[in-house]
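Remarks on the structure that follows.
Chain identifiers are assigned alphabetically (A, B, ...) following the order of the sequence lines, protein sequences preceding nucleic acid strands; residue numbering begins at 1 within each chain.
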There are 2 protein chains.
Amino acid sequence: MIALAGYDETEDDPRPPRSSEAVYLKLKQAILDNRYPPGAQILESQIASEFEASRTPVRESFVRLQQEGLLEIVPRHGVRISALSPGDMREIYEVLMSLEPTAVELLVARRPDRAELSGLVRACDDMEKALAGPQPDLVAWAMADERFHMSLARLCGNKRLAAMILTVWDQAHRARMFTLSLRPLPLQSTAEHRAVVDAILAGDGERARDLYFAHRKRGGHELTTIIERHGIQRL
Amino acid sequence: MIALAGYDETEDDPRPPRSSEAVYLKLKQAILDNRYPPGAQILESQIASEFEASRTPVRESFVRLQQEGLLEIVPRHGVRISALSPGDMREIYEVLMSLEPTAVELLVARRPDRAELSGLVRACDDMEKALAGPQPDLVAWAMADERFHMSLARLCGNKRLAAMILTVWDQAHRARMFTLSLRPLPLQSTAEHRAVVDAILAGDGERARDLYFAHRKRGGHELTTIIERHGIQRL
DNA sequence: GTCGGCATTAACGCATACATTAATGGACGC
DNA sequence: GCGTCCATTAATGTATGCGTTAATGCCGAC
């Protein structure tokens, strides 16, 4: 199970747990984990009974998840889990090609010290470790890759920018996991991450931006190619 | 009153009007029109009685508007209308400097014909008209400016990108309207729009992107300067 | 006089009841 | 036999009630 995006909160909440929040988190995780297949129609009452809550918090979760693009509310017919078309994937990667290089540029402008980037370095280490053995652990690699990109988004110092990146990453999450075994071993990808970190540490914003853009473009192209070659229409 | 963003739907809805949708639209418009001042605390029941609906659709609207960044749900204390700090304005313009040039680049890549760009040209005409007379109509100019940018976002062919641009424009809407009378006459700005349209028609994606980036950067810088000079802390 | 604790109350979070709508199936007529 | 219309029903959209929380104000003690 991939850790949920956007949650690095260390403070434990002294307030009573809200049911609507719990439903939201669990439902989101279930969608990301592909426990509800894309295109599936779900009823409010079904989720309500599955999560042992009433329809009210379920509806609230539906609204939030619709805005995040993970499902679509069909009036009078519950919700439909979003299924990504090749066109959607193109959209997502166009957005990421715009936002992620900006994020890394902003991060460099902030002149982060080594300690701030330790999360990125650890993610790189984990990516390498995952591919090192005789049996590469692709899921572990994907988790570390995701950690790298999400950490970088959060480090950029622009909350809105970070939130947008995380949102579209979540949208693409299932597609990435699905195509994981169809793509070549991401050895080059891992090296590219290191190069980005080096450029950040060197304070070279332009190089970091260009490297990150190339990395994102290559990744997007790779995924698009796989989708086309396999004739995948929805995922 | 500025037209609500994201609504150019021509089809009239044959479905029965939903109260929650009406509340959402009216409340959003009220916030954009500054009828609820930034920082204001509002109760669910207050909105419910004002809009003659029950608390349920009001809560649903709150959730949607929170995700759009127009208000913040304070648990057990209703909502607080978002107030933008100078830092927020910086964030918004960083996002726009990233997304808007990408949008115009995508638009050029689509090779639009003159007819598709008629909305942009009309917006330029209206901007010029608004500034032409002896008494420049700044509100009319701002409306046309907003129309230009929103049309361009929608024309780019990437729904996600467009939605993100519209969202942050809405967030900045009040601040823009507020500072309208504090800035110099936007004569240069209007000319810059024309240049972007010309570059699009010429099929020169790189020039269009650079022009749009420069335009956005100048606009953001102008607004930031005004905010600093006047020591504005929240708007 | 001031500070702390308790009671009162107002508002929310959730559950549930009610109204509305759209779909499904059966029956009737052609 | 087939098509259409109506009734039934299931699920949503909205309203409302109930329990809980937190804030406010009062009272008593120090």
**Fill in**
Counting only Watson-Crick and G-U wobble pairs with both atom distances below 3.5 Å, the stems of 3 or more consecutive pairs that include DNA chain C are C:1-30 with D:1-30
**Asked** Between dT14(D), dG13(C), dC12(C), which nucleotide has the shortest distance from any of its atoms to the side chain of Arg18(B)?
**Response** dT14(D)
**Prompt:** Mapping Thr56(A) and Val79(A) onto DNA chain D by nearest heavy atom, which one lands closer to the 5' end?
**Reply:** Val79(A)
Under-4.0 Å side-chain N/O to phosphate OP1/OP2 contact, [X] with [N]:
X	N	result
Arg76(B)	dT20(D)	no
Ser20(B)	dT14(D)	yes
His77(B)	dA22(D)	no
Arg59(A)	dT12(D)	no

**Request:** Just call it for Ser19(B): base, sugar-phosphate, or nothing, with non-hydrogen atoms closer than 4.0 Å on any strand.
**Result:** sugar-phosphate
**Request:** Just say parallel, tilted or perpendicular for the rings of His193(A) and Phe148(A), cut-offs at 30° and 60°.
**Result:** perpendicular
**Prompt:** Going through the checks in order, is the side-chain contact (heavy atoms from CB on, under 4.5 Å) test met by Glu100(B) and Trp169(B)?
**Reply:** CA-CA 11 Å; Glu100(B) 291 197 324; Trp169(B) 261 84; 2.8 Å; yes
**Item:** Listed once per pair and sorted, the salt bridge (charged side-chain N to carboxylate O under 4.0 Å, His left out) pairs that draw on residues 36-52 of chain A, sequence neighbours left out
**Value:** Glu44(A)-Arg55(A), Glu44(A)-Arg59(A)
**Item:** Side-chain ion pair, Glu116(B) and Arg111(B), N-O less than 4.0 Å
**Value:** no
